[in-house]
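Report on the following structure.
Predicted, not measured: the structure shown is a model, and the values here were computed from it.
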Amino acid sequence: MSARTRFCGVAFDPLGLDEALAWLGSRTSADPLAYVVTPNVDDCVRLADSTDADLHAAYAEADLCLCDSRVLALLARLRGIDLPVAPGSDLTARLLGVIPPGKRLCLVGGDDVARERLQAMLPGIAIAQHQPPMGLRHRPDAMAACVEAVVAAQADYVLLAVGSPQQELVAAMLARHPQARGTALCIGASVDFLTGRAKRAPRWMQRLAVEWLHRLLSAPRRMSQSYLIEGPRILRIALRP
């Protein structure tokens with residue numbers, strides 16, 4: 001695998017979707033657990049502000065760290081850095097499209113409807129689910145229970161859908177568990193997109209790196225803090241020497 005590209009304080013693997021999917025396809029359920037993170041602007045801003053060693057380690061120790069954001073890629077290009085984009089939602093969709101029947105999947109997060117819709121999309125795949133409580137990051141007992149549930153599932157692929165940075169912290173804990181196997185992906189809201197419960201921005205908005213605007217307009221109250229106040233700070237972070 002190519003050397004990582006460091007930008008905005010994060011070491012990214014310079015892989016696009018095809019290369020990332022090939023890496024996922026090379027993994028087996030017998031392999032010690034490996035995990036994938038897909039940092040975006042929010043993640044980079046959070047990491048720049050945080051002194052939490054566990055949080056930084058969760059990203060740094062990921063087996064695959066992919067750039068989820070075209071905004072980040074554009075800012076990197078302005079600095080003369082080539083940073084391929086491999087959106088987590090696209091990677092998840094492509095992976096689920098090629099998983100052969102007989103494989104096992106473990107969904108962490110979501111509700112019963114999410115699992116049922118995902119199962120309807122993947123009739124030949126056995127899907128286990130663990131629904132952790134709210135405030136997962138601040139509940140060590142719930143974090144430990146989450147890890148044990150994933151280990152017990154012995155799935156080929158684990159979809160961690162509990163939001164950042166909870167999902168990355170769980171992934172790092174899983175990777176340290178001696179009995180954890182397979183591959184975990186930190187996927188955020190990808191299941192909602194895949195099952196039709198939420199809509200992604202049109203392709204033209206994604207190509208123009210304004211997918212964030214679609215999200216802001218779709219949920220202005222919930223997303224304004226992130227996109228209008230915290231998000232713009234990425235400009236200062238990107239321009240650091």
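With rounding to the nearest 0.5 Å, the separation of CG in Leu15 from CG in Leu21 is 11.5 Å. Atom CG of residue Asp68 and atom CG of residue Asp42 lie 10.0 Å apart, to the nearest 0.5 angstrom. Note that CD of Gln119 is 13.0 Å distant from OG1 of Thr195, once rounded to the nearest 0.5 Å. Between the CZ atom of Arg104 and the CD1 atom of Ile125 there is a distance of 10.5 Å, given to the nearest 0.5 Å. With rounding to the nearest 0.5 angstrom, the CG atom of Leu169 is 8.0 Å from the OH atom of Tyr59. With rounding to the nearest 0.5 Å, the separation of CG in Leu159 from CZ in Arg115 is 13.0 Å.
Leu194 and Met121 make their closest contact through O-SD, 3.7 Å (heavy atoms, listed as atom of the first residue, atom of the second, distance). Between Ala57 and Tyr35, the shortest heavy-atom contact is O-OH, 3.9 Å. For Thr38 against Ala86, the heavy-atom pair with the smallest separation is CG2-O, 4.3 Å. A pairwise comparison of heavy atoms in Ile234 and Cys8 identifies CD1-SG, 3.9 Å as the closest pair. Nearest heavy-atom pair across Leu66 and Ala20 is CD1-CB, 3.7 Å. The minimum heavy-atom distance linking Pro133 with Ala142 is given by the pair CG-CB, 3.7 Å.
At least one donor-acceptor pair closer than 3.5 Å links the side chain of His56 to the backbone N or O of Ser50. Not a single donor-acceptor pair under 3.5 Å links the side chain of Arg137 to the backbone N or O of Pro165.
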Donor-acceptor pairs under 3.5 angstrom involving side-chain atoms of residues 170-185: please list them, not counting sequence neighbours.
unit_1 : atom_1 : unit_2 : atom_2 : d
His177 : ND1    : Gln179 : N      : 3.1
His177 : NE2    : Glu148 : OE2    : 3.3
Arg181 : NE     : Ala30  : O      : 3.4
Arg181 : NH1    : Pro178 : O      : 3.1
Thr183 : OG1    : Arg27  : NE     : 3.0

Identify each donor-acceptor pair in which a side-chain atom of residues 91-99 lies under 3.5 Å from a protein atom, sequence neighbours left out, and give them as a table.
unit_1 : atom_1 : unit_2 : atom_2 : d
Thr92  : OG1    : Gly88  : O      : 2.8
Arg94  : NH1    : Asp18  : OD1    : 3.0
Arg94  : NH2    : Asp18  : OD1    : 2.7

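Using a 4.5 Å cut-off on side-chain heavy atoms (C-beta onward), Leu83 and Arg77 make no contact. Contact check for Met143 versus Pro132: no side-chain heavy atoms found under the 4.5 Å cut-off. Side-chain contact check for Val108 versus Cys146: some heavy-atom pair is nearer than 4.5 Å. Within the 4.5 Å cutoff, the side chain of Asp112 has heavy atoms near those of the Gln131 side chain. Looking at Val150 and His130, their side chains never come closer than 4.5 Å, going by heavy atoms from C-beta outward. For the pair Trp23 and Asp13, the minimum side-chain heavy-atom distance is 4.5 Å or more.
Residues passing the side-chain contact (heavy atoms from CB on, under 4.5 Å) test with Ala48, sequence neighbours excluded: Ile237, Arg240. For Glu168, the side chain to side chain donor-acceptor pair (under 3.5 Å) partners are Ser164, not counting sequence neighbours. The side-chain contact (heavy atoms from CB on, under 4.5 Å) test applied to Ala114 returns Asp111, Val191, Arg197, not counting sequence neighbours.
Phe7 and Val41 fall within a single hydrophobic cluster, where Ile, Leu, Val, Met, Phe, Trp and Tyr side chains are chained together by heavy-atom contacts under 4.5 Å. Note on Val45: it clusters hydrophobically with Leu47, by side-chain heavy-atom contacts below 4.5 Å among ILVMFWY residues. Leu75 and Val85 are members of different hydrophobic clusters when ILVMFWY side chains are connected at heavy-atom separations under 4.5 Å.
Among pairs with a residue in residues 153-163, those fulfilling side-chain hydrogen bond (donor to acceptor under 3.5 Å, both in side chains) read Ser29-Asp156, at least two apart in sequence or across chains.
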From CA spacing to verdict: salt bridge (Lys or Arg N to Asp or Glu O under 4.0 Å), Arg46, Asp43: CA-CA 5 Å; Arg46 183 185 300 114; Asp43 297 309; 3.0 Å; yes
